[in-house]
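First comes the structure, then the notes that go with it.
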Amino acid sequence: MAVTRPVTRFATLLAAGSLVLSGAIQAYAQEPAAAAAPKAALDVELNGLAPSQKGCMMTFVALNTLPQDITKVSFELAFFNDKNAVDKITVLDFRELPQGKKRVRQFDMPNVKCEAVTRVLINDTPACEGPDKGECMKGLVTRSQVSIPFEG
């Protein structure tokens, strides 16, 4: 009888451990499925700044994961200086952004010195054709691959 009790306890512990492990495996298996469905967004990345003959060449990478194509979009950008003051506001035409496709857009900004820009802000989307009204700004996600912040 003394042998039966440790075997019973071992079997109970083994069964309990198996249930815990099974639950953990199921929870882990469900996490990637939730992560695989990204939130619909309009991702715009400030990818590069380079001095040019006119001023500053700015490179952006845009990815539209909204539910539909964007047939035309433009962004109003504000450029800040080292005193945190707005130096320039301009509208850049990003043209069409097909759903699910990355697009690179370059703009040569006249009379802008790259080294003087300390922050860039997407202030508005004056044109956003395709999605419902307001969806371009609502879904906007910004990031920067350069040393200055890029906000939206």
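Residue numbers start at 1 and run along the sequence shown.
- Counting only residues at least two apart or in different chains, salt bridge (Lys or Arg N to Asp or Glu O under 4.0 Å) contacts with residues 57-85 comprise Lys72-Asp93.
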Starting from the C-alpha separation in whole Å, work towards a yes-or-no answer on side chain to side chain contact (heavy atoms under 4.5 Å, CB included) for Val73 and Glu129. CA-CA 6 Å; Val73 66; Glu129 298 173 10; over 6 Å; no
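- Criterion: ILVMFWY side-chain heavy atoms under 4.5 Å apart, direct or through other members. Under it, Phe80 and Val120 are not part of a common hydrophobic cluster.
- The cluster map of Ile, Leu, Val, Met, Phe, Trp and Tyr, joined by side-chain heavy atoms under 4.5 Å apart, puts Val117 and Val146 in the same cluster.
- Taking the side chain as every heavy atom from C-beta outward, Pro131 and Cys136 approach each other to under 4.5 Å.
- Note: the hydrophobic cluster containing Val112 also contains Ile148 (ILVMFWY, side chain heavy atoms under 4.5 Å, direct or indirect links).
- Ring geometry, Phe107 versus Phe94: the interplanar angle falls from 30° to 60°, so the pair is classed tilted.
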Which is it for Phe79 and Leu121 under the side chain to side chain contact (heavy atoms under 4.5 Å, CB included) test, yes or no, and what are the steps along the way? CA-CA 7 Å; Phe79 300 92; Leu121 170 72; over 6 Å; no
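- With hydrophobic clusters built from ILVMFWY side chains whose heavy atoms lie under 4.5 angstrom apart, Leu92 shares a cluster with Met137.
- Under a 3.5 Å cut-off, the side chain of Thr65 and the backbone N or O of Ala40 do not form any donor-acceptor pair.
- The OG atom of Ser144 lies 9.0 Å from the CG atom of Asn47; values are rounded to the nearest 0.5 Å.
- Residue Leu77 is grouped with residue Leu140 when hydrophobic side chains (ILVMFWY) are merged at heavy-atom distances under 4.5 angstrom, including chains of intermediate members.
- The closest donor-acceptor contact from the side chain of Asp132 to the backbone of Glu135 lies at 3.5 Å or more, if one exists at all.
- Checked by atom type, the side-chain pair Asp108/Ser52 shows a donor-acceptor distance below 3.5 Å.
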Step by step, work out the side chain to side chain contact (heavy atoms under 4.5 Å, CB included) result for Gln106 and Met57. CA-CA 7 Å; Gln106 286 190 314; Met57 178 66 72; 3.9 Å; yes
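- You'll find the side chain of Thr142 stays beyond 4.5 Å of the side chain of Leu46, heavy atoms only.
- Between the Thr125 side chain and the Phe75 main chain, no donor and acceptor come within less than 3.5 Å of each other.
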From CA spacing to verdict: side chain to side chain contact (heavy atoms under 4.5 Å, CB included), Glu151, Arg119: CA-CA 8 Å; Glu151 303 163 353; Arg119 180 168 53 117; 3.1 Å; yes
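- Taking a 4.5 Å side-chain heavy-atom cut-off between Ile, Leu, Val, Met, Phe, Trp and Tyr, the cluster of Val141 contains only that residue.
- Judged by distance alone, with hydrogens and angles left aside, the side-chain atoms of Gln99 form a donor-acceptor pair with the main-chain N or O of Leu66 at under 3.5 Å.
- In this structure, the side chains of Arg105 and Arg95 come closer than 4.5 Å at one or more pairs of heavy atoms.
- Using modelled atom types, no side-chain atom of Thr71 and backbone atom of Glu96 make a donor-acceptor pair closer than 3.5 Å.
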